[in-house]
Asks: 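Submitted below is the structure of interest, expressed as structure tokens.
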Amino acid sequence: VNVLALLHEESGAAAGLLAGLVHPVSGLDHVLAMLAVGVWGAQLGAPYMWALPVAFPLVMAFGGAVGVLGVHVMGVEIGIALSALVLGLLVLGQVRPRPAVAVAVVGLFALFHGHAHGTELPEGASGTLYSVGFVVATGTLHALGIVLGLANRFARGQIVLRVVGALVALGGCLFLWRALA
Amino acid sequence: VKRVLLALGFAALAAAPAQAHLVSAGFGPFYDGIAHHLRTPGDVLAGLAIALLAGLRGKAHARSALFALSGAWLAGGGVGTSWPACGELAFPGAAATFLCAGLAAADAALARPWVAVLSAGTGALHGYANGASMESSALSLVGAVLASSTLLALVSALVVSRRAAWQTIAARVAASWVAASALLGLAWQLRGS
């Protein structure tokens, strides 16, 4: 194998993985929404706490696949902004729908997040490792949200989580305004 | 076990060298095979998917999966090395990974023969792709098979030994990550083709 070709392949793999890991944490809209998914699941307890983090990556991957294949989806930025707004409000209100409804809500927003990730592969990077990177980073944000959401066991923690939900919703409002501007 | 090991060894020795690229690790063909496996995300994801699927079902399933995957991977590799032009099987290989990881995420209560069949199918597809793409000697293929077997044994043992409920959930979440990555891998292959 040509050394230059090998170097290119190595750097493409590393760049792909790194870009995938960084992409979900490089935008505050993604970060807030992912943390809110974890917090909401932890607030509501089983089966929500595991159903949401299991369902989200799968639906997100579907959205990502649609993006990778170049299918245009309207209003992706609006959908992402709405995800922060709605999930923030759900955390604020400690809303407890049926598990299937909760999965559907989170899955709908996962499509938008996945599409955004799927369309933004850096040139020369490995697509598969980029995908692995953003799936792992997204899941890690969920896990952080769940850990944060465990504060729900304490009375003061519940108040703190409601404040967190309000802040996420406020962030969602700002992102929505920016997306619509 | 002896018969299986003998069969694996015979199949590896019977595999003829192919003419394609294999990145050199600098330590010889056996280590090249190991490096090839570890540097191929699709192969690692396949091993993880089977390990999670079998590990979640228990010790007996994991043992069956270990032998089925290893044997089929080696046999598939032998076929791929000998007849590399049979067709591109990377897509069905990724589809098999997605199926297995999806079943693990859903905690599907599969019987042991089904887990063995899925393991063998996934192993054969990935082994064929290995054999067809490696500039390999039999040792390269053995290295790749041993790398996949070791990964499967370690991860499935970790999953089988779980005690707390949250560990089962963690395994299912990990399976959903693998399924998601495999689905995206399918999309990248579709885009590439």
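So that the names make sense, note that chain A is the first sequence line, chain B the second, and so on, each numbered from 1.
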Asks: Tell me, side chain or backbone of Val66(A) under 4.5 Å from chain B's heavy atoms, or both, or neither?
Replies: neither

Asks: Select all residues of residues 100-120 of chain B having any heavy atom within less than 4.5 Å of some heavy atom of chain A, and report them by number, or 'none'.
Replies: Ala105(B)

Asks: Counting heavy atoms not belonging to Phe62(A), are there more than 12 under 6.0 Å from its CZ?
Replies: no

Asks: Measure across Arg191(B) and Val68(A) and return the closest heavy-atom pair with its distance rounded to 0.1 Å.
Replies: CD-O, 2.7 Å

Asks: Going by residue number, which parts of residues 83-112 of chain A are within reach of chain B, meaning a heavy-atom gap below 4.5 Å?
Replies: none

Asks: For chain A, which residues of residues 168-184 of chain B have at least one non-hydrogen atom nearer than 4.5 Å to it?
Replies: Ile169(B), Arg172(B), Val173(B), Ser176(B), Trp177(B), Ala179(B), Ala180(B), Ser181(B), Leu183(B), Leu184(B)

Asks: Check for me, please, whether Leu53(B) and Leu151(B) land in the same ILVMFWY cluster - side-chain distances under 4.5 Å, paths through other members count.
Replies: no

Asks: Which residues in residues 41-51 of chain B have any heavy atom lying under 4.5 Å from a heavy atom of chain A?
Replies: Pro41(B), Leu45(B)

Asks: Check whether Leu141(A) and Leu148(A) end up in the same hydrophobic cluster, where Ile, Leu, Val, Met, Phe, Trp and Tyr are linked by side-chain heavy atoms less than 4.5 Å apart.
Replies: yes

Asks: Answer with side chain, backbone, both or neither: which region of Phe56(A) has an atom nearer than 4.5 Å to a non-hydrogen atom of chain B?
Replies: neither

Asks: If you take all heavy atoms of Thr128(A) and Trp188(B), which pair is closest and at what distance?
Replies: N-CD1, 4.0 Å

Asks: Looking at Gly64(A), Pro53(A), Gly139(A), which one has more heavy-atom pairs under 4.5 Å with chain B than the rest?
Replies: Gly139(A)

